[in-house]
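One structure below.
These numbers were taken from a predicted model, which means no experiment stands behind them. Numbered from 1 within each chain, the chains take letters A, B, ... in sequence-line order.
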Amino acid sequence: MSVFQQLTERDRVFDFLAPVQSPVDVRHGAILYLEDVSVSFDGFRAINNLNLTIDDGELRCIIGPNGAGKTTMMDIITGKTRPDTGSVWFGSRHNLLTLNEPDIAALGIGRKFQKPTVFEALTVFENLELAMAADKRVLPTLTALMTQDIRDRIDEVLLLTGLQELRGALAGILSHGQKQWLEIGMLLMQRPRLLLVDEPVAGMTEQEMERTAELLTGLAGKQSVVVVEHDMGFVRSIARTVTVLHQGSVLAEGTMDQVSANPKVIEVYLGEGA
Amino acid sequence: MSILRSLARLTFALHLVLLSSLAGAQVSEQQAARLLQGLAGASQAEKSIIVRELAGSGDERARNWLEAFSANKLSRIKTTGQIVIVTSNRGRNWAIADALTGESLGEMSRRELEAVQVNNTLRGEVDDLLSVIDLTVANPQVRLTAARALMGTVNAPLAERLNGLLADEDNPAVREALESALAIYRLGQGDGAAVAVLAGSLNPQARAALAGAARGDDPQIAAAATRALASIEQKLTLNRAAETLYFGLSLGSVLVLAAIGLAITFGVMGVINMAHGELMMLGAYTTWGMQQLLPGQPGLALILSIPAGFLVAAMAGIVIERSVIQHLKGRPLETLLATFGVSLILQQLVRTLISPLNRSVVTPDWMSGSIMINEALSLTLNRLYVIGFALVVFAGLMLIMRKTRLGLEVRAVTQNRAMARSMGIRATRVDILTFGLGSGVAGLAGVALSQITNVGPNLGQSYIIDSFMVVVFGGVGNLWGTLLAGLSLGTINQMLEPWAGAVLAKIIVLVFIILFIQKRPRGLFPQKGRAAEG
Amino acid sequence: MPVSSQWLKRPLLERSTQLFLGVLFAAMALVTLLHVALPQGSALHVSAYTVTLLGKYLCYALLAVAVDLVWGYLGILSLGHGAFFALGGYAMGMYLMRQIGDRGVYGNPELPDFMVFLNWQELPWYWQGFDMAWFAFLMVLLAPGLLALVFGFLAFRSRVTGVYLSIITQALTFALMLAFFRNEMGFGGNNGLTDFKDILGFSLRSDATRLGLFIATGIALAIGYVICRGIVTSKLGRVSIACRDAEARTRFLGYRVDRVQLFVFVVSAMLAGVAGALYVPQVGIINPGEFSPLFSIEIVVWVALGGRATLYGAVIGALLVNYAKTVFTGVMPDAWLFALGGLFVLVTVFLPKGIAGLLQRRSAPPVSSPSQEAAA
Amino acid sequence: AEDPIKVGILHSLSGTMAISESALKDTMLMLIEQQNAAGGVLGRQLEAVVVDPASDWPLFAEKARELLAKEKVDVIFGNWTSVSRKSVLPVVEELNGLLFYPVQYEGEESSENVFYTGAAPNQQAIPAVDYLKNDLGVERWVLAGTDYVYPRTTNKILETYLKDQGVADADIMINYTPFGHSNWQAIVAEIKKFGSAGKKTAVVSTINGDANVPFYRELGNQGLAASDIPVVAFSVGEQELAGIDTAPLVGHLAAWNYFMSVDNDANYDFIDAWVKFKGDDKAVTNDPMEAHYIGFNMYIEAVKKAGTTEVDAVKDAIIGVTVPNLTGGFAAMMPNHHITKPVLIGEIQDNGQFSVVWETSSTVAGDAWSDFLPGSRDLISDWRAPLKCGNFNVVTGKCGGGTAEVASK
Amino acid sequence: MLKIEQLNQFYGQSHTLWNLELDVPAGQCTCVMGRNGVGKTTLMKCIMGEESVSGGRIILAGDSELSRRRTEDRSRLGIGYVPQGRQIFPLLTVEENLRTGLAVRKDGSRKIPERIYELFPVLKEMKNRRGGDLSGGQQQQLAIGRALVIEPRLLILDEPGEGIQPNIVAQIGEVIRRLIAEDGLTVLLVEQKLPFARKYADRFAIMDRGRRVADGAISELSDDLIRQHLTV
Ligand SMILES: Nc1ncnc2c1ncn2[C@@H]1O[C@H](COP(=O)(O)OP(=O)(O)OP(=O)(O)O)[C@@H](O)[C@H]1O
Ligand SMILES: Nc1ncnc2c1ncn2[C@@H]1O[C@H](COP(=O)(O)OP(=O)(O)OP(=O)(O)O)[C@@H](O)[C@H]1O
Ligand SMILES: NC(N)=O
Ligand SMILES: [Mg+2]
Ligand SMILES: [Mg+2]
């Protein structure tokens with residue numbers, strides 16, 4: 001509760017929320033470009049000529065029907081899936097299509113998965129330790145030391161994610177929601193320039209949702225955040241620009257109000273009730 | 001099959017052909033006894049003469065005597081000097097019958113008997129004597145074999161005789177063989193026209209004759225022979241390729257059989273079953289046991305072994321599943337440890353209960369030998385059956401996995417056991433059935449292997465590594481992958497063997513597997529999609 | 001790059017490692033004492049036979065530790081670690097062969113006996129240098145290390161995992177076995193290398209040398225254990241576990257999974273090589289049998305039986321199985337496989353975490369454990 | 001009563017070699033039982049100490065050490081494969097034990113502590129080739145073997161021998177296969193092709209163990225009969241044939257120093273005893289069993305002669321000891337620790353037995369160092385004083401290394 | 001329909017459920033609520049038999065003592081389960097996923113009821129795709145469809161709306177409502193989202209730290225209760 005309150009004090013700068021210096025060149029404003037990206041699986045076009053630009057420091061919400069290609073888009077950005085055509089640039093210098101997952105992560109792109117994925121045989125604390133921004137080459141990792149500084153940072157994140165009591169528990173025993181939080185915590189430890197957050201509030205209570213909303217909006221500005229979510233209440237509470245994906249391409253883009261008034265969006269996604 | 005025979009033997013053989021038409025005559029008992037007694041004490045050269053005399057005697061028992069002699073079953077009772085025919089020579093006491101009267105004399109200790117010695121040379125002579133008679137028998141197949149055997153051995157008097165036979169011969173294949181045999185002879189005599197007859201022949205004797213002619217003095221004949229040889233070479237190359245392919249497929253089908261059960265227990269269920277080889281061994285021993293139960297009927301025993309081998313191995317598999325594997329749910333790696341233990345136990349069990357020695361499994365007649373496609377290409381029958389058997393087993397398994405509920409349920413259980421049970425799938429029953437099925441198929445493989453290789457306690461060990469290799473190479477969980485992997489690895493191996501040798505070929509195949517997996521880290525037919533990427 | 005050695009010191013401060021080293025050194029001291037101080041006839045005398053036997057067990061223990069490092073912590077079930085062990089052994093064997101000099105039966109100062117009677121004219125190039133101890137000992141590390149490096153580089157770069165990796169490691173050792181069987185390879189074929197005379201000038205037939213080798217093996221095991229412990233307690237160790245359980249996820253955190261795997265794999269291969277090198281002078285022979293896939297599987301069985309991902313469990317497993325084998329093959333030569341096979345089955349069924357699990361259960365109440373299982 | 005004489009038995013009872021070796025263990029147990037029934041030796045009973053080296057070569061060395069150092073046995077009977085012998089050799093030399101080795105082998109060895117009761121190449125391979133050449137008129141040769149040292153060496157010797165006799169390179173085909181090779185299709189086809197060149201062809205097989213069954217099966221199926229291309233084997237005996245359907249193999253050959261079918265009372269007694277001991281009417285005997293029979297009797301004689309089981313005394317006493325073999329002759333222990341043996345060639349019959357078709361007129365003494373290998377041509381072995389050397393070079397007049405060092409210890 | 005009495009559950013040594021009581025009346029939708037990690041999913045697993053319980057009773061339809069039955073028999077008694085995290089069989093196709101439920105159908109039908117495809121048309125479209133390839137929301141729909149194949153009397157839904165697009169969430173709500181009305185289905189729902197719970201549930205039960213701390217008709221779900229038990 002208290003951290004939550006602290007967090008809302010906008011003048012206080014948490015050092016663990018500051019991004020790591022990344023070589024990304026954002027002089028042109030945009031941190032991420034996707035241009036004419038397409039990918040198909042066994043003939044099924046999951047992403048279809050997708051164009052998307054995320055500005056530096058922006059918080060962008062992406063919504064769209066199940067199977068619209070939101071997760072696949074993140075897969076492409078993080079190097080998990082290679083598109084058939086198109087280009088993906090991080091800043092104006094890094095062609096992500098030439099890089100592999102660890103390189104992309106090292107550039108400062110962090111991701112939370114739709115299905116929470118944590119290291120189940122490691123403790124919550126260790127999960128956060130591994131996620132932390134650091135020299136991740138082999139020998140430095142071997143010789144890395146656990147300093148008080150690191151411990152403090154992990155403690156801060158533990159507090160923020162409400163997992164203090166579980167710090168020594170193996171991540172495998174966490175409940176679904178606790179894993180969600182842990183993964184968000186890992187993302188925070190990573191301090192990326194660009195955060196890709198896939199359905200962060202699934203399985204959370206309303207209050208937890210609010211906390212997450214504050215957290216993400218707090219990050220924006222310093223870091224760029226892309227959020228995928230189906231909970232409209234949540235989206236509304238954080239959204240500035242909303243992009244609607246449908247059948248692999250952008251259906252609409254604009255403020256929440258514009259988008260939710262779009263009849264096509266209502267038809268394919270929101271439904272009459274919303 | 002070509003055999004070199006001496007001229008003397010052949011002339012004599014012809015002589016015999018004439019005499020044997022007098023069959024039915026009897027020599028005096030005294031005369032026969034004298035000949036047989038003589039045989040027992042004689043030197044090799046003397047035996048050779050006596051054999052001819054016996055054959056020439058026209059006595060209807062002569063064939064019997066000759067066959068017994070040839071089969072090493074003519075014996076002399078040490079004390080009395082009586083010549084007997086051994087009717088059963090297993091164990092320490094042998095059943096004997098009087099050679100002259102055919103009257104059974106009961107059993108007698110081996111110590112009391114002295115075998116009438118025979119060797120390959122004499123046996124060859126006897127066989128020749130008997131087989132030349134075959135040239136005039138009614139069965140054209142027998143005549144064909146006899147005619148083929150004559151190739152390269154014809155001389156002037158025989159040529160004359162053959163010309164006579166040729167005139168009466170109405171079977172085209174036999175005619176062709178006789179003509180070839182004559183042509184080889186004529187070519188040797190410098191008759192250039194014979195080249196044309198031999199031009200397409202795949203017979204090695206014909207080829208040798210042509211090669212001789214190609215080196216000969218007559219430039220015209222030499223040129224023609226060289227041309228003929230070239231065209232034969234071309235045909236041979238094709239035949240060799242076909243032969244290699246056959247070898248490859250047959251080796252491949254053995255691999256498939258060995259691996260296909262594992263493709264179920266390991267590929268589908270995820271149990272690293274180190275005892276898979278021993279389950280195959282059980283199938284092979286079942287075949288042996290069946291043949292012990294049905295002495296003298298190896299064919300029937302073999303056919304009955306198919307269901308029996310399946311059942312025995314399946315039951316063993318189920319016992320293993322119930323006693324060990326069921327306790328290892330969710331710990332697939334530990335199954336390696338436990339089944340390794342089981343495999344040690346099963347091996348030693350066989351050593352203790354049956355014997356550490358290999359057991360002899362008889363190949364039924366209809367599975368022995370080969371069928372001849374042409375003179376340069378024959379397909380061995382046992383392997384042909386194994387190829388067919390492998391395909392049938394594969395198809396059956398495919399049907400079960402695709403068309404029955406078991407296939408669906410086992411996949412559901414292995415992918416998410418808890419959820420499968422929540423859907424009402426009886427996971428325990430599925431485990432038993434599936435493991436039983438995979439084990440049973442291993443048993444079937446064992447039945448087939450008993451026709452190819454050793455039936456002994458080590459049988460399983462020699463196949464387990466290859467089996468895993470095949471399943472993994474094909475892509476775990478994919479039956480088609482297993483089929484294709486087995487067949488292709490077998491074929492590659494056989495293609496390499498002629499120029500690399502057996503050891504190096506195997507090494508190259510292993511290195512190939514290692515490199516191939518770099519290119520396709522999930523085998524030939526990978527599990528695709530999001531889930532597989534983890 | 002300044003490499004801190006903190007990671008190596010860390011295990012030394014750990015209770016469990018101290019305990020392990022304490023027990024190991026105490027046992028070694030006791031064996032040495034009972035061997036040296038007591039007369040041959042005494043009931044408590046430890047004979048040279050026993051010393052050598054224990055030395056052999058310790059070699060196996062080090063090998064098991066190496067396997068546990070990659071299997072337990074990295075999730076790489078190597079079914080080919082015997083290959084690294086054997087390569088280290090061959091490097092040592094070649095050195096020992098060269099030490100024979102002209103004392104071979106044919107008295108050829110250059111060529112080992114098996115080359116003489118198979119008509120080799122000169123020493124193959126790859127035998128050069130093995131007359132020098134330093135070179136040979138270097139090769140003990142380099143030969144398995146390089147093989148692991150090349151093989152691992154290819155495999156991990158291509159993201160070969162799980163059973164696929166296991167099976168190609170098996171293919172690797174199988175191929176090497178067949179290759180070493182070939183007399184053309186120049187390693188003595190099936191007979192391998194044997195009839196060694198001395199090592200570093202000490203006769204291999206003297207009890208003192210045997211004791212020395214035993215102690216050297218104990219020290220090697222201690223060092224190997226500490227190195228492994230250092231790795232697994234470091235952050236790299238946790239990354240290894242992360243790779244083991246969720247390889248893809250680890251990559252998204254920015255770790256080069258392939259490099260981590262490669263590093264640990266190579267370290268493990270080198271340890272296996274050292275184990276092999278110490279094994280050869282003690283058993284007196286190295287032949288392609290050590291490359292046999294079944295031997296590699298057996299190593300895995302020791303680790304599983306002792307308790308995976310504990311390191312000391314691997315040591316216990318190796319000692320126990322091999323001791324059982326020694327005893328059973330002598331006491332019940334006809335039925336020992338039943339006993340050993342039965343042991344494997346019973347341990348798996350009743351002790352899910354191996355023997356180490358039994359010890360853990362005694363010493364500490366478990367933190368409720370997840371039902372996680374690395375993919376095979 | 002005095003302590004019993006301990007006889008170590010070092011044969012694999014499990015693993016790949018159990019197939020061959022387990023019968024040898026039983027043979028030893030039977031011989032010991034018989035000897036004890038006859039009152040033992042020197043008034044002492046004999047006691048068997050059986051261990052299982054499990055077809056694992058380093059384990060052979062360990063078990064040998066166990067037998068000598070821990071069990072303190074007086075003598076060891078054991079080993080089958082050469083590699084296991086090589087593994088055990090340094091141990092018996094170091095601990096000064098006695099080892100009786102009963103299997104035909106490649107030669108090139110003579111240890112002070114080992115007695116080779118099996119055949120050296122000159123007692124098996126060379127006479128067999130002579131028979132094929134002289135009696136069957138063979139002109140073309142296939143040397144097929146399992147890829148290890150015994151076949152390699154034997155084939156090397158045979159190759160040199162054949163070439164010395166004027167056989168052309170092109171008339172010799174050499175082929176090696178791995179242990180347990182089971183897919184013989186291509187090789188048999190190759191042999192068939194090689195044999196169809198118009199010259200009488202034979203296969204000299206040093207194929208070992210499990211690979212033989214599929215090999216002979218394939219021969220049968222591809223129709224290679226003994227009358228076309230005979231195969232003479234050096235490692236296929238009655239015991240191996242018991243596991244093969246012999247019907248298609250009739251006429252193929254083997255060269256040994258003993259066959260179960262040999263018509264001789266001592267042999268029949270031995271067989272009867274064996275059948276009774278095994279309780280199996282179908283139990284077969286074979287050559288290595290005879291070798292143990294000979295070796296065991298030689299040991300007993302030597303102990304009697306020496307009046308003690310003390311190793312050095314037995315070692316000295318045994319040279320020159322002569323005992324009856326099972327084929328109606330006598331075996332003598334030569335100074336090179338090899339024995340004299342008759343050479344028999346037998347043809348396979350349909351009942352899994354061999355019928356002897358040829359034998360040497362007298363026994364042949366085993367030659368430790370082959371005359372057909374360049375490195376060993378000049379070596380001789382003589383363990384009597386004063387030479388006491390296993391590898392004495394008659395050209396340089398010096399005793400080679402290794403064993404000499406031990407001898408002087 | 002379902003009655004739980006004095007249920008206790010342990011994970012190893014950690015006591016997760018404490019003397020839990022729950023009553024799920026037939027023909028109604030009962031919603032279990034509670035913060036992350038209070039034991040909701042654990043409770044559902046206990047009902048399905050995926051976790052073993054120590055003490056307490058779970059009684060289905062008056063007479064069936066569930067804790068004595070094996071998991072696979074519980075579905076035969078008519079319990080359909082949509083677990084948290086979807087638990088799709090990833091390598092089975094969508095159709096095969098659905099077919100896994102056919103075995104327990106009373107009518108022995110071997111065909112997937114058309115109704116399922118009507119409810120979730122996307123499943124028909126993706127019939128031949130592997131379950132694991134589907135998007136998260138598609139998988140969730142598949143999980144619900146799969147549970148309906150067995151034509152359950154009692155349907156357990158663990159956070160069914162998670163990851164599903166809004167119009168389909170609403171649709172699922174309507175389906176639940178329809179099944180209750182038409183087939184007399186009983187629904188046990190775990191749900192965090194208040195609006196959804198309020199709209200479709202008839203009753204609620206709140207859990208906190210493994211205990212049931214409140215229950216009643218949905219109309220009785222007060223802000224006070226929410227503040228007390230559902231906020232962090
Ligand atoms: N590896 C694959 N093979 C086949 N189809 C795939 C694969 N990956 C994704 N798809 C398909 O691509 C489409 C897009 O999937 P994606 O997961 O990106 O959707 P999404 O927008 O994240 O949906 P949701 O909101 O439900 O999570 C889906 O229809 C899915 O079935
Ligand atoms: N396998 C396990 N071993 C030990 N503890 C576990 C295990 N699974 C869950 N737990 C613990 O039990 C508690 C209840 O978990 P459960 O999954 O039932 O929570 P939940 O109420 O469903 O939470 P959520 O809303 O996050 O899904 C949690 O604190 C969790 O850490
Ligand atoms: N000595 C042999 N046959 O290995
Ligand atoms: Mg998604
Ligand atoms: Mg939950």
Side-chain angles (χ1 to χ4, degrees), chain B residues 263-264 266-270 322 326-327 329-330 332 398 400-434 471 474-481 522-523 525-534, chain E residues 41 44-45 47-51 69-106 108 110 129-136 138-139 142-143 145-152 156 158:
Chain B
I264 305 286
F266 170 61
V268 180
M269 289 181 81
R322 282 295 86 193
Q326 71 153 328
H327 302 292
K329 292 282 120 68
M398 210 63 194
I400 291 175
M401 294 308 280
R402 280 280 165 83
K403 295 286 176 226
T404 68
R405 257 202 87 75
L406 182 66
L408 178 65
E409 293 192 348
V410 62
R411 282 183 292 151
V413 168
T414 32
Q415 283 170 38
N416 192 332
R417 188 176 190 85
M419 193 60 222
R421 296 182 63 201
S422 297
M423 293 304 297
I425 295 174
R426 299 195 192 282
T428 309
R429 214 190 62 174
V430 170
D431 287 341
I432 294 176
L433 285 179
T434 320
V471 173
V476 175
N478 189 311
L479 289 181
W480 284 111
R522 285 171 181 277
F525 291 115
Q527 292 277 20
K528 278 190 289 191
R530 286 177 153 177
E533 281 148 22
Chain E
T41 298
M44 302 304 134
K45 285 186 177 172
I47 297 171
M48 280 318 290
E50 284 182 16
E51 296 289 349
R69 294 184 185 271
R70 288 179 306 179
T71 302
E72 34 287 55
D73 294 335
R74 300 190 193 196
S75 65
R76 288 197 160 66
L77 292 172
I79 310 183
Y81 182 39
V82 179
Q84 188 167 26
R86 307 171 182 117
Q87 311 291 342
I88 293 303
F89 302 111
L91 299 175
L92 299 188
T93 63
V94 168
E95 193 183 352
E96 286 170 331
N97 262 285
L98 294 172
R99 273 178 40 212
T100 54
L102 287 177
V104 302
R105 279 176 66 94
K106 295 249 160 45
R110 322 219 69 202
R129 202 144 346 144
R130 278 175 295 266
D133 290 347
L134 299 191
S135 81
Q138 291 163 345
Q139 288 187 7
L142 175 56
R146 187 178 59 182
L148 291 178
V149 168
I150 69 170
E151 299 201 324
I156 298 177
D158 198 347

Specify which of M48(E), K45(E), R70(E), E96(E) makes the most heavy-atom pairs with chain B at under 4.5 Å. E96(E)
Portion of [X] that has a non-hydrogen atom of chain B nearer than 4.5 angstrom:
{"X": "R129(E)", "answer": "neither"}
{"X": "R74(E)", "answer": "neither"}
{"X": "N97(E)", "answer": "neither"}
{"X": "L92(E)", "answer": "both"}
{"X": "E50(E)", "answer": "side chain"}

So if I take each residue of residues 427-434 of chain B and look for any heavy atom under 4.5 Å from a heavy atom in chain E, which residues do I end up with? A427(B), T428(B)
Grab the two heavy atoms, one from T100(E) and one from A412(B), that are nearest each other, plus how far apart they are. CG2-CB, 3.9 Å
Return the [atom1] to [atom2] distance between [X] and [Y], rounded to the nearest 0.5 Å.
{"X": "I425(B)", "Y": "T71(E)", "atom1": "CD1", "atom2": "OG1", "answer": "12.5 Å"}
{"X": "R146(E)", "Y": "S422(B)", "atom1": "CZ", "atom2": "OG", "answer": "8.5 Å"}
{"X": "R411(B)", "Y": "T93(E)", "atom1": "CZ", "atom2": "OG1", "answer": "7.5 Å"}
{"X": "E95(E)", "Y": "L408(B)", "atom1": "CD", "atom2": "CG", "answer": "10.0 Å"}

Are the side chain of R405(B) and the backbone N or O of R99(E) linked by a donor-acceptor pair below 3.5 Å? yes
Any donor and acceptor pair, going by atom type alone, linking the side chain of Q415(B) with main-chain N or O of L91(E) inside 3.5 Å? yes
Side chains of M423(B) and V104(E): does their closest heavy-atom pair fall under 4.5 Å? no
For a 4.5 angstrom cut-off between non-hydrogen side-chain atoms, does F89(E) reach M419(B)? yes
Considering only heavy atoms, which portion of R426(B) lies under 4.5 Å from any heavy atom of chain E: side chain, backbone, both, or neither? both
